[in-house]
**Student:** 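Got a structure for you, written out below as structure tokens; questions coming shortly.
Just so you know, these numbers use all the heavy atoms, side chains as well, and skip hydrogens, waters and symmetry mates. Please read all numbers here as calculations on a predicted model, not as lab measurements. Whatever order the structure lists them in is the order used to number ligands and atoms, beginning at 1.
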Amino acid sequence: MSNSKQQAQELIDFIHGSPSTYHAVNNIRKELNEAGFQELDLRDEWKVEKGGKYFTTKNGSAIFAFQIGTGEIEEEGFQMICAHSDAPGFKIKPNPEIEVEGNYIKLNTEVYGGPILNTWMDRPLSIAGRVSVKSNDPLHPEHLYVKIDRPLMVIPNLAIHLNRAVNDGVALNKQKDMLPLLSMITEEMEKDNCLVKLIAEELKIDAEAIIDFDVNLFEVEKGCIFGLNDEFISSPRLDDLAMAHAGLKALLSVGNSKKTQMLAIFDNEEVGSVTKQGAGSPVLRHILQRIVFKLGKDMEALHRAIYSSFMISADMAHAVHPNIGEKHDPTNRPFINKGPVIKIHANQKYTTDGDSGTVFETLCKNADVPYQKFVNRSDLVGGSTLGNVSTGQVDIRTVDIGNPMFGMHSVRETGGVEDNAFVRKVFTYFFGL
Ligand SMILES: [Zn+2]
């Protein structure tokens with residue numbers, strides 16, 4: 001297997017094992033632990049030193065890993081890559097069981113972020129997330145992770161015979177049309193609370209111990225490499241686990257440098273980032289401050305460190321679509337496997353400017369990685385990302401980039417095998433500076 005195919009397979013394996021933000025962060029935590037990074041609790045007093053490797057998590061769904069440089073932090077600053085752990089989809093509501101005409105049980109869900117709804121239909125789905133369990137401390141329940149590895153439900157389409165206009169486009173109602181079918185009702189079945197009972201069985205605990213849950217649907221089928229020459233990746237959640245994974249692999253593959261390397265994986269980008277574990281919170285600023293102060297430096301040194309830093313805000317980008325190319329800018333045409341994309345927006349939904357764009361282009365040139373540019377068509381409104389939200393909290397020079405892909409926010413997204421290898425290469429070069 002070629003090196004880039006092997007790296008694409010690593011990404012697919014990582015995403016398959018990460019069907020919720022909690023699982024993604026826990027998998028990153030495991031890899032950091034294995035690589036000798038020491039976990040710091042946000043509530044404890046920190047001890048950090050030059051050359052040390054550390055990480056901390058917030059809410060179990062955001063993670064910040066850093067390798068402290070051997071130089072003076074106020075002169076060398078932070079080399080940062082940020083990405084996000086969350087993906088659009090469906091959360092299970094409390095009291096989710098709905099009985100249908102005495103025969104079916106379906107589950108009540110709430111849409112999280114902006115999924116392409118129709119891609120979720122007719123696919124075997126299951127559930128994953130965090131379960132909060134009674135503990136002796138009323139302020140700190142115990143948290144367990146659940147991931148049920150078998151197909152549990154489907155959101156069925158309506159037959160074309162019952163809706164002849166289906167191929168003209170169908171408006172799907174989030175409350176009515178998108179509820180997954182879980183089971184048939186049988187006589188022996190205890191249908192009340194059956195989801196909590198299922199989770200309890202999976203976790204081998206009493207159903208009464210489960211107080212609450214943050215559980216989402218996920219597509220059971222694993223991602224794959226496809227294409228005539230095995231050049232594409234089909235997977236759920238490429239946005240943005242592909243960038244989180246590339247950042248992690250880059251961090252794990254570099255040794256100490258004079259600069260402090262940091263990987264910041266935030267949660268809740270898909271719902272605007274303004275949560276305690278999102279890029280709109282002060283969490284990153286507080287972590288930077290603690291690092292600088294715990295190295296025995298002062299506020300002046302923190303500010304100098306921030307203004308000596310550079311951030312790559314990494315979130316996936318749109319490749320020119322093979323069937324609908326007219327939706328893209330006429331002169332900037334990013335294609336799959338032609339390298340990471342620098343995202344540019346005159347009104348600064350992306351943080352890139354001539355300065356930070358030049359830095360990223362230079363990084364790519366030096367790392368021998370091709371790169372491309374993305375600008376929205378002027379009559380279309382694009383998405384936003386982490387960079388501009390994060391700079392509202394910490395004003396670091398930042399570039400917005402991401403790998404080109406099709407079908408962003410589909411349950412199954414398409415990216416490029418070579419692009420994954422390219423971005424890992426340029427991230428590794430950046431962290432190694
Ligand atoms: Zn994203």
**Student:** Can you check whether Lys5's main-chain N or O pairs, donor with acceptor, with Ser2's side chain at less than 3.5 Å?
**Tutor:** yes
**Student:** Nearest 0.5 Å, please: how far is CZ in Arg290 from CG in Leu42?
**Tutor:** 6.0 Å
**Student:** Please tell me whether Thr351 and Asp400 have a donor and an acceptor in their side chains that are separated by less than 3.5 angstrom.
**Tutor:** yes
**Student:** Check the Zn ion (ligand 1) and write out every protein N, O or S atom at under 2.8 Å, as residue and atom.
**Tutor:** His84 NE2, Asp239 OD1, Asp315 OD1, Asp315 OD2
**Student:** Is the closest basic N to carboxylate O distance between Arg377 and Asp329 below 4.0 Å?
**Tutor:** no
**Student:** If you look only at pairs with a residue in residues 226-254, which of them pass as a ring-ring contact (aromatic ring centres under 6.0 Å, His included), with sequence neighbours excluded?
**Tutor:** Phe14-His245, Phe226-Phe232
**Student:** When you check the side-chain N and O atoms of Asn323 and His321, is any donor under 3.5 Å from an acceptor?
**Tutor:** no
